[in-house]
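For reference, the structure discussed in these notes is given below.
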There are 2 protein chains.
Amino acid sequence: MPMGKVPDIVVGRLPLYLRTLNYLIEEGHEVVSSQELGRRLGISPAQIRKDLSHFGEFGKQGAGYDVNYLRKQLTHILHVERVWPVALVGCGALGHALANYNGFLTKGFEITLIFDNDPAKIGQMVAGKVIHDVADMPRLLCEHGIRIAIVAVPSSAAQATVDILVKCRVRAILNYAPINISVPPGVQVQNIDPAVHLQRMTYYL
Amino acid sequence: MPMGKVPDIVVGRLPLYLRTLNYLIEEGHEVVSSQELGRRLGISPAQIRKDLSHFGEFGKQGAGYDVNYLRKQLTHILHVERVWPVALVGCGALGHALANYNGFLTKGFEITLIFDNDPAKIGQMVAGKVIHDVADMPRLLCEHGIRIAIVAVPSSAAQATVDILVKCRVRAILNYAPINISVPPGVQVQNIDPAVHLQRMTYYL
DNA sequence: CAGAGTATGTGACTGCTTTCACAAGGTGAC
DNA sequence: GTCACCTTGTGAAAGCAGTCACATACTCTG
Ligand SMILES: NC(=O)c1ccc[n+]([C@@H]2O[C@H](COP(=O)([O-])OP(=O)(O)OC[C@H]3O[C@@H](n4cnc5c(N)ncnc54)[C@H](O)[C@@H]3O)[C@@H](O)[C@H]2O)c1
Ligand SMILES: NC(=O)c1ccc[n+]([C@@H]2O[C@H](COP(=O)([O-])OP(=O)(O)OC[C@H]3O[C@@H](n4cnc5c(N)ncnc54)[C@H](O)[C@@H]3O)[C@@H](O)[C@H]2O)c1
């Protein structure tokens, strides 16, 4: 019942469970079994039960899981009952799409600060926010207590950008630049590179 | 030396190795050790050697790996010595960014067909390509022999879109919609959802 | 309220993944 | 050529993750 060290791989599946629960609520379900959840996710029911059992006993035997209750629990476990302010660095094509993306807010995130180093862009408005000069990043990140950032700058600028973010106490970085960045221990990094995902699939073609 | 069944998890790392080799070539390196490669990727040298040993003996004892040779081998293993034509479905904010992204070509991919269902967008040019009506998708996918598609439509339209793609013999799908899609066996799917990646990190904050 | 049906939580087990450690082979200085 | 030093490829071992199967407990029908 009390949660010791939970494997990363288990933590990595929780957001998928949460996402599916939200769809179940939209569809009006009040209760869901590990079997149904597993069917939707392509995961075995046993694995879902074992994953959840790391954090507590959320289900009811003979019935399944109360969808709203489980959603609340996962939201709490993942620390997304609050909305995290997020900084976006690099407001090019991808940055624009991310800034205008309305899928973040309901998942616990809001892009509140946008940065670029292009003088032609600085000062412009995007998604209701002004684009700030990267030179002001240290001050603004501090003032807003930002802990999470999204990096959408060219690869060549990614490591330098990350170094600044880390120095400003950012502790979680979502990196879209197709390059491996290095960070000190205690800083989380997740990488998104569509070419890598595509190449994973062409192996099997 | 001959490659039997290679674990998925190993295949998943090969694109990262390949990406790093490309940077090494840019930097003028001719040879790299598993240690250096591991350092850059945050992976143990032993794991890199074992992964590569599934496919052959590419290194030289006492020296390391010839960067160009290893790159060529991985390019071959992943089937990206050719350039794959890719269809993009959904040309909104994200679709625009992807269509204009110039990082695909050097990795073995080119977006050659773009589809949308918005009459206002159909016929417009994006990144030098015309946006086609989704109604023409079956015919055009067939004519172009498309095997790979990127899905960037709203969640509500994702499963229906995927069903059409699968029926048109697409065998690899990169899905940006934040929903679990189901496909018959033999069809590869990779999902990209930034909110999921962010929630994986907030657990640790 | 009894009994058939259903679903969880979990220890034991199986299988997969990573690390270890070393023989074999290559390098470079002198 | 020799010797000290590297680095690979790989079995063996260790460590992790996923599945199985069942005791337990809830539901629902009649
Ligand atoms: N466009 C895509 O669909 C896509 C897909 C996958 C990955 N990416 C990656 O995402 C990143 C951004 O892609 P994009 O297409 O938006 O490129 P882009 O060139 O349109 O945008 C990059 C932006 O970053 C800004 N920038 C450059 N250096 C900076 C710095 N030091 N500090 C702050 N801002 C800086 C530029 O002014 C520009 O506005 C790149 O690394 C790219 O490889 C893009
Ligand atoms: N914008 C982002 O940064 C971002 C980030 C992550 C995920 N996503 C996801 O990517 C998808 C697209 O996001 P977006 O921001 O580009 O949205 P968008 O609304 O700007 O674009 C969606 C496009 O899909 C088209 N479309 C709708 N139904 C279609 C159908 N049946 N067939 C073909 N085209 C259809 C629309 O006409 C529109 O052009 C969404 O699922 C979104 O959740 C977007």
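Because the structure is a prediction, the values reported are computed rather than measured. Here is the naming used below: chain letters follow the sequence lines, and residue numbers restart at 1 for every chain.
Using a 4.5 Å heavy-atom threshold, the side chains of N191(A) and L16(B) count as separate. Counting heavy atoms from C-beta outward, Y176(A) and V153(A) have side chains that stay 4.5 Å or more apart. For the pair I164(A) and M137(A), the minimum side-chain heavy-atom distance is below 4.5 Å. The side-chain heavy atoms of F55(A) and V10(A), taken from C-beta on, include a pair separated by under 4.5 Å. Between L78(A) and P15(A) there is a side-chain heavy-atom pair separated by less than 4.5 Å.
Counted by atom type alone, Q159(B) and D163(B) present one or more donor-acceptor pairs between their side chains at under 3.5 Å. With 3.5 Å as the limit, one finds a donor-acceptor pair spanning the side chains of D51(B) and Y17(B). Of the N and O atoms on the side chains of R49(A) and S34(A), at least one donor lies less than 3.5 Å from an acceptor on the other residue.
We find the NE2-CG distance between H54(B) and L52(B) to be 10.0 Å, quoted to the nearest 0.5 Å. Atom NZ of K107(A) sits about 7.0 Å away from atom CG of N22(A), to the nearest 0.5 Å. Rounding to the nearest 0.5 Å gives a distance of 5.5 Å between CG of L205(A) and CD1 of I148(B). Distance check: L37(A) CG to L70(A) CG gives 7.5 Å after rounding to the nearest 0.5 Å.
The separation between H54(B) atom NE2 and dT17(C) atom C1' is 10 Å, rounded to whole Å. Spacing between atom CG of D51(A) and atom C1' of dT19(D) amounts to 13 Å, rounded to whole angstrom units. Taking atom CD1 of residue I48(A) and atom P of nucleotide dT10(C), one finds them 16 Å apart after rounding to whole Å. The separation between L70(B) atom CG and dT8(D) atom P is 11 Å, rounded to whole Å. Between the CD atom of Q35(B) and the P atom of dG9(D) there is a distance of 15 Å, given to the nearest Å. For L41(B) and dT18(C), the CG to C1' distance is 16 Å, given to the nearest whole Å.
Residues of residues 9-23 of chain A that place a heavy atom closer than 4.0 Å to DNA chain D, in numerical order, are I9(A), R13(A). Applying a 4.0 Å cut-off to non-hydrogen atoms, none of the residues of residues 181-188 of chain A approaches DNA chain D.
Bending across the helix from dC1(C)-dG30(D) to dC30(C)-dG1(D), expressed as the angle between its end axes from five pairs apiece, amounts to 30° (10° rounding).
Between H79(A) and Y203(B), the ring planes are parallel. Angles under 30° get that label, and only those over 60° would be called perpendicular.
Applying the 4.0 Å criterion to OP1 and OP2 of dT7(D), one finds that S34(B) has every side-chain N and O outside that range. For the OP1/OP2 pair of dC6(D) and a distance below 4.0 Å, the side-chain nitrogens and oxygens of Y65(B) include no atom meeting the criterion.
Among the nucleotides dT8(C), dA17(D), dT10(C), the one closest to any side-chain atom of P7(A) is dA17(D).
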Next item on the list: Going 5' to 3' through nucleotides 19-30 of chain C, assign each nucleotide B (protein heavy atom under 4.0 Å from a base atom), S (under 4.0 Å only from sugar-phosphate atoms) or - (no protein heavy atom that close).
Entry: B-B--BBSS---
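Taking 4.0 Å as the cut-off between side-chain N and carboxylate O, R71(A) and E81(A) do not count as a salt-bridged pair. Ionic pairing of K60(B) and D66(B) is not present here: no N-O contact between side-chain nitrogen and carboxylate oxygen is shorter than 4.0 angstrom.
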Expected rows: protein N/O vs nucleotides 28-30 of chain D N/O, under 3.5 Å:
none

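Residues satisfying the side chain to side chain donor-acceptor pair (under 3.5 Å) test with R147(B), not counting sequence neighbours, are none.
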